[in-house]
Each structure stands twice: as C-alpha cells, then as structure tokens.
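Encoded as structure tokens, the structure appears first; notes follow it.
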Amino acid sequence: MSGHPSTYEPKYAPTKWLDKRLPIIRMGADFMTYPSPRNLNYWWTFGGILTLCLMTQIITGIILAMHYVPHVDLAFESVQRIKRDVPFGWLIQPMHAVGASMFFFAVYIHMFRGLYYGSYKAPREMVWLFGCVIYLIMMATGFLGYTLPWGQMSFWGATVITGFFGAVPVVGESLQQWLLGGFAVDNPTLNRFFALHYLLPFVIAALVGLHVWAMHHAGQNNPIGIEPKSKKDTLAFHPFYTVKDAFAVGVFLLVFAFFVFYQPDALGHADNYIEADPMKTPEHIVPEWYFLPFYAILRAVPDKLMGILLMVAAIAVLFILPWLDTSKVRSMRFRPVTRRWFILFVIACFILGWCGAGNPDDIAIPFGEDKGITFLLLARVATAFYFAFFLLILPIMGMIEKPKERPESITKAVLGGAE
Amino acid sequence: MRNVFKTAIIGTLALAGVGVGGLMAANAAGGSSDYKMKHMHWHFDGWRGTYDRAAMQRGYQVYREVCASCHQLKYVAFRHLGDKGGPYYDDHYPNPNDNPYVKAFAADWTVEEVDLDTGDIIERPAIPADMFPPIYPNAAAAAASNGGAVPPDLSVMVKARTGGADYVYNVLTSYDKDDNYMNKAMGIKIAMANPLSDGLVEYADTEYTDKDGKVHIIKAPEATVDQMAKDVTEFLAWAADPKMEQRKSLGLATMLYLLILTILLWFSYKAVWRNVEH
C-alpha cells in the first residue's frame with residue numbers, strides 16, 4: 001500500500017505460504033509500521049475517530065434495518081417498536097441517531113483541520129478530492145436516513161430537498177418525479193430512500209479505503225507542512241499514533257455516550273416525534289444542524305434555482321480548492337494574514353449555521369427596538385464571505401502574502417523551540 | 001497538554017454553537033403570547049432522575065379516567081405498565097404478563113377481535129399483551145366527535161413538543177378562567193376544552209411492595225388540577241421514554257468505564273511518548 005520498505009517477516013509455515021500468495025498480513029503490518037510525522041497534534045486524531053464513526057453507523061444501522069419497516073403506514077411505528085420492544089433497541093436507535101451528529105461533528109473538524117494545515121495541496125490533491133466525495137455522499141446518506149423515521153421533519157425535509165430538483169430548467173419536473181417515484185413523497189420514495197441509505201455507507205467505506213490509500217501514498221501532512229526529510233522526522237504509526245488516537249477516541253466516546261444516554265433527543269427536532277402528515281405542513285421546516293449552513297446559503301438568494309446553484313457551488317468550490325490556493329506554504333502557522341482570514345471563515349460558517357436555524361425575516365442582531373440585522377442579511381454577508389474566502393482571499397493571499405520563516409525540518413521544529 | 005485543552009475548548013465551543021443554534025430554532029418555533037412557560041422540577045430530571053412511581057400510577061388513573069375518553073396511547077401495550085421502570089413494575093413478577101395489576105388494568109379495557117369461527121368482529125376484555133386500543137374507529141370519527149380536530153395520540157407527546165414535560169404540564173394548567181377553550185400556554189383557542197377540574201378523580205393511596213416484601217403506602221394527595229397535571233405528565237413522560245431508567249443506569253456505568261479507560265489511555269500515551277520530543 002505504502003512506499004516505505006516492508007519490515008514484515010513471516011515466521012510460520014502458513015504465514016510464509018500466505019505471504020507469497022496474498023500478502024494481506026504484510027499489508028496490515030506495513031500499515032502499523034507506517035512512518036508518520038512525529039509532530040502530529042490532536043487535530044490529526046479525527047481520521048481514526050471518523051473510521052470509528054463509520055463502523056458504528058454501519059453496525060447499528062444493520063441491526064436497525066432488521067427491525068425497521070420501510071412503509072409509510074408502519075415506519076414511524078416500527079421505530080417506536082424498536083425503542084420499546086426490541087432488546088437493546090432503546091440503546092441502538094439513539095446510538096445511530098446521535099452517531100450521525102457525532103459523525104458530522106468529527107468530519108467538520110477533520111475538514112477544518114485539512115483547510116488550516118493545507119492538507120489539500122500537492123501532492124495530496126487526491127486525498128482531498130476523495131474526502132470531498134466522501135463528504136458529499138455522507139450528506140446524501142444523512143439526508144436519506146433522516147427520512148426513514150417518517151416523522152414530520154422527515155417527510156417535509158424530504159419534500160423540500162427533492163423539490164430542489166424540480167427547479168432544474170426543462171427537465172426539473174420529470175427529474176423530481178423520477179427521484180420520488182411519484183408526484184409527491186410517498187411509499188415509493190421511502191422504499192428507495194431506505195435502499196439507498198443502506199447502500200451508500202458501503203460506498204463510503206470503499207472511498208475511505210481510497211482516501212487512506214492516497215494518504216499513505218503521498219504521506220501524511222503535518223502541522224508545519226514541511227515534508228519529513230529524514231528518519232528522525234517520523235515515528236512508526238504503532239504504537240505512537242495508535243495510542244494517541246486511542247486516547248482521543250476515549251475522549252470522543254465520552255461526549256458520544258453523554259448524548260446517547262443523557263440527551264438522546266437534544267440534537268434532533270421535537271417535530272420528528274409527530275408522525276408524517278402530508279396534509280399538515282410544520283410551521284418551520286428546519287434541517288438537521290449539520291446542514292444548517294448550507295440551508296442558510298440556499299435561502300440567501302430570493303430565486304429558488306439560484307439558491308440551489310449557490311448551495312451546490314458551496315460544496316463544489318471545495319473540489320477545486322487545491323487549485324484555488326496559490327500559496328506554496330501549506331500550514332497557516334506560517335501565513336499570518338491568511339490565518340486571520342481562516343479564523344473569520346470558521347466564524348462565518350458558524351454564523352451561517354445560526355442563520356440556517358433562524359427565520360430569515362427575524363432579527364438576529366437587534367439595534368434598539370424592532371430594528372437590527374435580519375438573519376437574511378446576515379446570511380447574505382456570511383455567504384459572500386464564504387465564497388470570497390475560496391475565490392478571492394486564497395488565490396490573492398498566495399500571491400501577495402509574505403510567509404513567516406519556516407523551520408528546515410520537523411526535527412528542527414520540534415527540538416529548536418519553534419511550535 | 002496544551003493541545004488537549006485547546007481541542008477540548010474548541011470542541012465544547014463547537015457543541016455550544018450547535019446548542020445555541022438549536023435553541024434559536026426552538027424559540028422561533030414557540031408560541032407568540034406573553035405567557036411564560038412554568039419550569040417544573042421533575043423527578044426524572046437530571047442524570048440520576050427516575051420516574052416517581054406513585055405519581056405515574058396516579059397519572060395512569062388520570063389518563064384512564066380523563067384523557068382516554070379521546071386520546072389513544074397506541075405505541076404502549078398493557079404489559080409495558082409492568083416492565084422494569086414502568087408504573088406497576090413488581091420484582092415478584094419479572095414477566096409483566098403475570099402482574100396482577102397489569103392484568104386487571106388490561107381487563108378494564110375492551111378490544112376488538114375477529115371471531116375465527118364466524119368472521120364477526122367481537123369484543124373481548126384486553127390482556128396484558130394487547131396494545132392500548134383505539135378510542136375512535138377511525139380518524140374521521142375522531143374528528144366528527146371533536147369539532148373537526150383529531151385528538152393526537154399521547155404515546156410520544158412529551159417528546160413531540162419543544163419543552164417536553166414542561167409543555168404538557170403548562171398546557172394542562174394554563175386554561176383561561178373565563179374561556180374553557182383558551183389555552184394560554186399555546187397562545188390560542190384549542191379544540192380541547194379544559195379537561196381538568198379540582199377533585200375530578202378520586203386518588204387512592206398507592207401501595208408498593210419492595211424487594212423484601214415490605215408494603216409501603218404512599219398517601220394520596222388532594223386531586224387538584226395542578227396535582228393531576230403533574231401526575232399525568234409523569235405518566236406520559238414514562239410512556240414516551242419507557243426505557244429511560246435503564247438508559248441512565250447503563251449510561252452511568254458506561255461513562256465511568258470510558259472515563260477510566262480514557263485516563264489509562266492517557267497514561268499509556270505518556271508512557272509510549274516519554275522519550276520522544278514532539
């Protein structure tokens with residue numbers, strides 16, 4: 001898998017036999033001895049955490065699928081049966097629901113990490129691109145899965161999202177009907193959403209394999225963004241990073257368990273405990289928290305098609321990021337000006353999330369009575385900044401910014417007092 | 001070490017941000033009147049909270065005698081009443097189907113069934129394995145009897161409203177004195193007339209046999225509107241989340257286990273990295 005010399009020596013006859021035919025043990029052993037930069041910080045533990053998230057979702061999901069009934073008349077009830085009558089269903093179901101939120105929480109940190117330390121730059125473009133595809137499919141999986149409990153938000157969320165396709169010129173209406181399997185969200189929609197929700201996690205798992213392969217081929221990036229130059233710059237993945245990852249996983253699981261056991265509904269919406277009713281539109285249709293920033297971008301423009309295009313562009317821009325950032329310097333640690341823009345970018349993402357949760361016409365930041373900045377205006381400003389960061393700030397800063405002096409090597413940085 | 005704190009702080013901030021967003025959404029979805037939701041201290045609040053059994057039992061009585069004239073509990077079975085963590089759980093009857101209270105309560109209801117010999121629809125007394133039966137034959141009948149509004153199912157009501165138990169309690173106790181349909185908590189006139197009035201049900205003392213066979217008697221409180229609202233909310237909170245007690249107790253064990261594991265992993269990390277500058 002990786003370029004470093006293999007140190008695995010089969011000791012026994014069966015392992016020697018196997019090693020000549022399918023060196024699968026060697027692959028695992030090489031994975032463990034993989035030389036990782038010695039200066040990786042805790043932000044680098046989220047790769048391992050995400051692997052755990054994916055496994056948790058797949059395992060709990062398969063168990064849930066054994067008890068769930070994808071039918072409009074029975075889906076809501078079957079979820080209640082799972083929580084009340086299936087042995088440990090009361091544990092598996094919130095693990096899966098909270099697990100989705102934890103998965104997105106971890107993936108957002110992982111992505112911000114990649115942005116901050118320039119992990120998308122040459123020669124790691126493929127790592128980043130596969131990451132973007134994984135994220136896109138994660139979003140699809142999250143959306144499809146949220147439809148399955150067949151609560152009010154499930155139904156109306158699905159109606160709103162599939163409605164986007166109806167805005168496509170000329171073919172929109174037929175496209176939307178083709179996706180729904182009818183004229184509105186109904187049993188055929190629920191059935192296909194269930195089938196796809198079961199399929200996509202395995203697609204993600206395969207893409208994660210490619211993501212990790214590309215990462216091992218190019219080598220891991222690190223907080224200073226200087227490639228390892230000598231053996232002294234690296235440490236074996238095991239035991240150094242297995243133990244560090246394990247500690248981080250422990251902390252992550254504490255947060256995860258807190259939500260599962262004590263706040264299983266805190267990350268969801270009360271309306272989803274009302275069975276879907278096509279005749280009753282909820283007052284506010286709000287997506288899950290992890291989609292709120294994109295929801296805000298969607299609503300930032302008055303035109304439906306433009307809103308959708310803008311939302312798609314918000315994700316598409318991530319795909320071309322490696323070619324937008326013109327700076328050769330990877331880590332923001334050495335880019336004092338861009339670093340500040342990055343912090344503003346993170347704040348803009350949070351503001352977008354806040355705007356996505358609010359009602360566009362409500363006042364977000366009041367000045368005196370009945371006056372102030374509405375969520376709509378705030379969302380517009382944040383959306384503009386979101387795109388400006390990628391399309392203007394990164395390309396321009398790379399050309400005009402004078403980076404700080406960088407250490408010669410990782411070892412120098414570690415031992416020479418620099419951070 | 002500094003990095004751990006940094007991560008922890010940023011993680012907390014991120015979650016707090018999410019929480020704030022959620023609260024904003026929740027506020028946006030709330031009513032528009034100037035009524036102030038009364039926040040109650042529930043027995044089931046907090047990380048060690050459990051359901052108040054006596055309150056749940058009285059609450060069941062309120063449900064049976066008042067709410068059940070219109071509202072179903074379709075996801076609850078009679079046997080659930082005798083499950084661990086339920087209002088009538090009894091150590092002596094680990095199988096709730098044997099629990100005499102559960103059997104008696106089930107038999108108090110009538111369910112429909114198809115007679116296999118004749119094909120006629122017959123009625124029989126319910127058994128613990130039955131679900132709480134529907135109150136009306138169908139939604140149209142329910143609407144016709146209630147001025148066009150279908151009385152919602154109450155199985156998950158406490159989870160289905162922002163504010164949860166507080167919301168249910170406030171709805172039941174905030175009717176306008178002069179207008180039987182004006183609900184101040186919801187800020188609108190609703191189809192449900194004020195269902196509670198002082199002394200509406202007659203509470204009996206609650207009996208409860210502990211593990212050693214000792215019988216405890218919990219004196220019945222006065223059946224005020226406030227008391228009945230609290231009791232039925234306690235019961236409905238259980239109906240919406242019947243496994244809460246199991247979840248919390250396993251949660252405590254899990255959190256302790258994870259905490260010890262994480263501390264040990266921290267020391268393993270320190271030990272493995274002790275001679276490595278990084």
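In what follows, every chain begins at residue 1, and chains take the letters A, B, ... in the order their sequences are listed. Treat the numbers as computed from the prediction; the structure is a model and nothing was measured.
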Give, as side chain, backbone, both or neither, the part of [X] having an atom under 4.5 angstrom from any heavy atom of chain B.
X	answer
A:V346	neither
A:L91	side chain
A:P264	side chain
A:Y108	neither

* **chain A interface, residue from B:K243, B:E277, B:H80, B:K159 that has the most non-hydrogen pairs under 4.5 Å** =>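 Result: the option with the highest number of such pairs is B:K159.
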
Please rank [options] by heavy-atom pairs under 4.5 Å with chain B and give me the top one.
options	value
A:D265, A:N39, A:T45	A:D265
A:L235, A:D271, A:N272	A:L235
A:Q80, A:K83, A:R84	A:R84

Looking only at side-chain N and O atoms, does [Y] offer a donor or acceptor that is under 3.5 Å from a partner on [X]?
X	Y	answer
A:Q152	A:W156	yes
A:Y117	A:N41	yes
A:D85	A:H67	no
B:S174	B:N183	yes

Run the side-chain donor-acceptor check on residues 138-149 of chain B: report pairs under 3.5 Å with partners two or more places apart or on a different chain.
from: B:N138; atom 1: OD1; to: B:A140; atom 2: N; distance (Å): 3.1
from: B:N138; atom 1: OD1; to: B:A141; atom 2: N; distance (Å): 2.7
from: B:S145; atom 1: OG; to: B:A141; atom 2: O; distance (Å): 2.9
from: B:N146; atom 1: ND2; to: B:Y136; atom 2: OH; distance (Å): 3.0
from: B:N146; atom 1: ND2; to: B:A142; atom 2: O; distance (Å): 2.8

* With sequence neighbours excluded, what pairs up with A:R38 under the salt bridge (charged side-chain N to carboxylate O under 4.0 Å, His left out) test? ->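 None.
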
